[in-house]
Amino acid sequence: MIDPRILRDEPDRVRASQRKRGASESLVDGALAADQARRASIATFEELRAEQKALGKQVAQAKGPDAAEMKAELLARTKAVAAQVKEAEAAQREAEDAWTTALKQIRNIAADETPAGGEDDFVVLETVGTPRDFAAEGFEPRDHVELGKLLGAIDLERGAKVAGSRFYFLTGVGAELEFALINLAMEQAREAGFIPVIAPALARPEAMAGTGFLDQVDDGVYKIEGDDLYLVGTSEVPLAAYHSDEILDTDFLPRRYAGYSSCFRKEAGSAGKDTQGIIRVHQFEKVEMFVYTSLEDAAAEHERLLQWEKDFLDKLELAYQVIDVAAGDLGPSAVRKFDCEAWIPTQGKYRELTSASNCTDFQARRLNIRQRGAEGESNRPVATLNGTLTAITRAIVAVLETHQQPDGSVRVPKALQKWLGREVLTPIA
RNA sequence: GGAGACGUCGCAUAGUCAGGUCGAGUGCGCCUCACUGCUAAUGAGGUAUGGGUUAACAGCCCAUCGGGGGUUCAAAUCCCCCCGUCUCCGCCA
């Protein structure tokens, strides 16, 4: 959630952000009113409570010959106050709940740099490499479904048979490709100072809510039947909740984790989109970078995350573009988001392979993660950022399609050869 | 899955089975000061978080003893639920 102080002191800034995102501006006024009501109810409760405590003390201290009488009288008075306190407490809780509910509906304040508008209003920041010209090379590229079949790497039919549509088996070199990508990603992450992490793929509602994903339960997130647990759509969830309810020492920051986990997505709202192949699936593995840092350093760290993502795509020898995602297409937690989109030859367009978000203190506030303030300063929420190092399925799609050869074989990018143990993937039988 | 024990201020603990002056004692750690040629030792003081009020991170007030609810004028303390940890048994990779 956003900083209540910013809401109170600079409501126009919050309104402008909501407008930029295409979100409701009236939420801001609702939250401001709720804040006033909340503070008033707190004052009422505290006044009564202080009175109750004072009387209670007198009851305990009543001594002497007429103690019994005094006590009886005090008890009568304090009983009435107790009832009032109970009422005021209930009113306060209600006001407090209304306030947090209102506050949570407001999205993070979009960065000045973030383009206004919706999904199509992104700005291309950079284009790296040139899409391969198959026409000039004189052959028609095969899509990853066909290549996957030829190489014995992807089995979609049996994926559907066993688990349904949008499921798949990676077999043979397909499975090996996953391990190679993970190894390459983890190697890079480790060298950059990230701590490798195997994270739980299930999380509690607090962790989901803290990262802003609980709202997507209906169309995006799987819930475990009979348990209060959810399958995570990204290891951002467990990695963010990892330090929840903690106060981190300043020299602990920046803290960088590279989390590896399965990711589960319902894709309920995307019927008809990417129905072929493994571009959009219900389960895939991902290596995610997650950083805790100070608010001041967040924007710079965001750039660093982007650079690490680009480094990885470079290692896969892909052509890609970097876009600055528009405000309306950001998640509720992010102030700015960079997507790296790799060129997919058979689609003739760039598709998202990785994504880096700066969530500033939005998630940290919800998850109660703070950094210890300097001498004389109070503790304050940290900033959290996340970025994909590699999402396996889409990386495989891009690699197979980009580096295919006329006979259906696929050249293995240099960096991957070390981990895959071969230079070319050749069709089976 | 069955049986039991436990969860207190950075750490370790006291307080709970007799409810009130306990936001909470002690030791260690840490910070400041004093003493000391330096270090150590010793002595004095300090050392949680959130919120309200406020110019104030001065003061005052409120909340918080794993979380939530209940009993009571009053709850760390009594009752219920949940979460977590540990031990034993069963099961299992």
Side-chain angles (χ1 to χ4, degrees), chain A residues 1-10 31-64 66-104 198 200-210 214 224 226-230 238 241-253 262 294-295 361 363-382:
Chain A
M1 67 186 134
I2 62 164
D3 186 347
R5 200 163 311 146
I6 292 180
L7 175 72
R8 208 182 296 168
D9 298 343
E10 306 170 75
L32 280 169
D35 187 27
Q36 285 237 308
R38 161 181 159 270
R39 280 146 70 198
S41 73
I42 286 172
T44 306
F45 164 73
E46 287 188 352
E47 203 174 308
L48 286 164
R49 177 69 178 150
E51 187 184 347
Q52 183 191 28
K53 281 178 77 168
L55 285 169
K57 244 171 216 180
Q58 288 181 46
V59 172
Q61 286 167 344
K63 272 182 198 146
D66 48 351
E69 241 176 84
M70 276 172 64
K71 265 194 183 169
E73 195 210 324
L74 281 167
L75 284 186
R77 280 169 62 198
T78 202
K79 226 169 204 175
V81 175
Q84 285 179 285
V85 165
K86 204 161 219 178
E87 237 172 82
E89 192 177 14
Q92 188 205 328
R93 188 173 321 165
E94 214 170 290
E96 204 99 42
D97 287 348
W99 175 66
T100 43
T101 302
L103 200 61
K104 278 180 180 169
I198 309 285
L202 278 75
R204 298 191 169 177
E206 304 87 74
M208 298 298 289
L214 199 56
I224 301 293
D227 282 290
D228 212 4
L229 284 170
Y230 301 85
Y242 189 60
H243 285 298
S244 56
D245 295 318
E246 291 183 25
I247 301 173
L248 309 176
D249 284 323
T250 304
D251 57 12
F252 188 80
L253 305 173
S262 290
S294 67
L295 212 42
D361 56 350
Q363 294 178 330
R365 227 171 260 287
R366 287 189 177 193
L367 291 165
N368 190 26
I369 308 168
R370 289 160 294 166
Q371 66 180 104
R372 209 166 286 290
E375 191 72 33
E377 277 173 23
S378 49
N379 301 334
R380 59 208 175 93
V382 300

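Worth knowing before you read on, the calculation uses all heavy atoms, side chains too, and leaves out hydrogens, waters and symmetry mates. Quick caveat, the model's predicted, so the values are computed rather than measured. Convention: sequence-line order gives letters A, B, ...; per-chain numbering from 1.
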Residues A:A31 and A:L7: closest non-hydrogen pair is CB-CD2, 3.7 Å
Of all heavy-atom pairs between A:P381 and A:A364, which one has the smallest distance, and what is that distance? CB-CB, 4.2 Å
Any strand counts, and the cut-off is 3.5 Å on both contacts for Watson-Crick or G-U wobble. Which nucleotide pairs with B:C28? B:G10
Please tell me if the side chains of A:F252 and A:E246 come closer than 4.5 Å, counting only heavy atoms from C-beta onward. no
Base-pairing assignment for B:C17 (Watson-Crick or G-U wobble, both under 3.5 Å): none
May I have the step-by-step check of side-chain contact (heavy atoms from CB on, under 4.5 Å) for A:Y230 and A:L202, ending in yes or no? CA-CA 5 Å; A:Y230 301 85; A:L202 278 75; over 6 Å; no
Tabulate protein N/O versus nucleotide N/O from nucleotides 69-73 of chain B, keeping only pairs under 3.5 Å, one per line.
unit_1 : atom_1 : unit_2 : atom_2 : d
B:G69  : OP1    : A:R93  : NH1    : 2.8
B:U71  : OP2    : A:K86  : NZ     : 3.2
B:C73  : OP1    : A:K79  : NZ     : 3.0
B:C73  : O2'    : A:T78  : OG1    : 3.2

Between B:U64 atom P and A:E89 atom CD, what is the distance in whole Å? 8 Å
Short side-chain to backbone donor-acceptor contact, A:T250 and A:R372, under 3.5 Å: yes
Quick one: look up who B:C33 pairs with, Watson-Crick or G-U, both distances under 3.5 Å, and put none if it's unpaired. B:G43
Looking only at atom C1', what distance separates B:A76 and B:G7, rounded to whole Å? 12 Å
How far apart are the closest heavy atoms of A:P4 and A:L103, and which atoms are they? CG-CD2, 4.0 Å
Where protein sits on nucleotides 46-53 of chain B, one letter per nucleotide: B base, S sugar-phosphate only, - none, heavy atoms under 4.0 Å: ---SSBSS
Taking the P atom of each, how far is B:C28 from B:C89, in whole Å? 40 Å
May I have the distance from A:K53 (atom NZ) to B:G19 (atom P), rounded to whole angstrom? 20 Å
For the side chain to side chain contact (heavy atoms under 4.5 Å, CB included) test, which of A:D251, A:I247, A:L253 pairs with A:D249? A:D251
Any strand counts, and the cut-off is 3.5 Å on both contacts for Watson-Crick or G-U wobble. Which nucleotide pairs with B:U72? none
Roughly how far, to the nearest 0.5 Å, is the CG atom of A:L48 from the NZ atom of A:K86? 14.5 Å
If pairing requires Watson-Crick or G-U wobble contacts with both distances under 3.5 Å, which nucleotide is the partner of B:A5? B:U85
Exercise: do A:Q363 and A:R366 side chains pair donor with acceptor under 3.5 Å: no
Between the protein and nucleotides 81-83 of chain B, list every N/O to N/O distance that falls short of 3.5 Å.
unit_1 : atom_1 : unit_2 : atom_2 : d
B:C83  : O3'    : A:R204 : NH2    : 2.5
B:C83  : O2'    : A:R204 : NH1    : 3.4

G-U wobble or Watson-Crick pairing nucleotide for B:G23 (cut-off 3.5 Å, both distances): none
With both distances kept under 3.5 Å, what pairs with B:G50, Watson-Crick or G-U wobble? B:C62
Residue pair A:R8, A:R39: steps toward the side-chain contact (heavy atoms from CB on, under 4.5 Å) verdict: CA-CA 12 Å; A:R8 208 182 296 168; A:R39 280 146 70 198; 3.4 Å; yes
Nearest heavy-atom neighbours spanning A:Q371 and A:L295: OE1-N, 4.4 Å
Under the salt bridge (charged side-chain N to carboxylate O under 4.0 Å, His left out) criterion, do A:R365 and A:D361 qualify, and how do the steps go? CA-CA 6 Å; A:R365 227 171 260 287; A:D361 56 350; 2.5 Å; yes
Given the P atoms of B:U72 and B:U77, what is the spacing between them in whole Å? 16 Å
How long is the line joining CZ of A:F252 and P of B:G10, in whole Å? 17 Å
Using the C1' atom on both, measure B:C30 against B:C88 and round to a whole Å. 40 Å
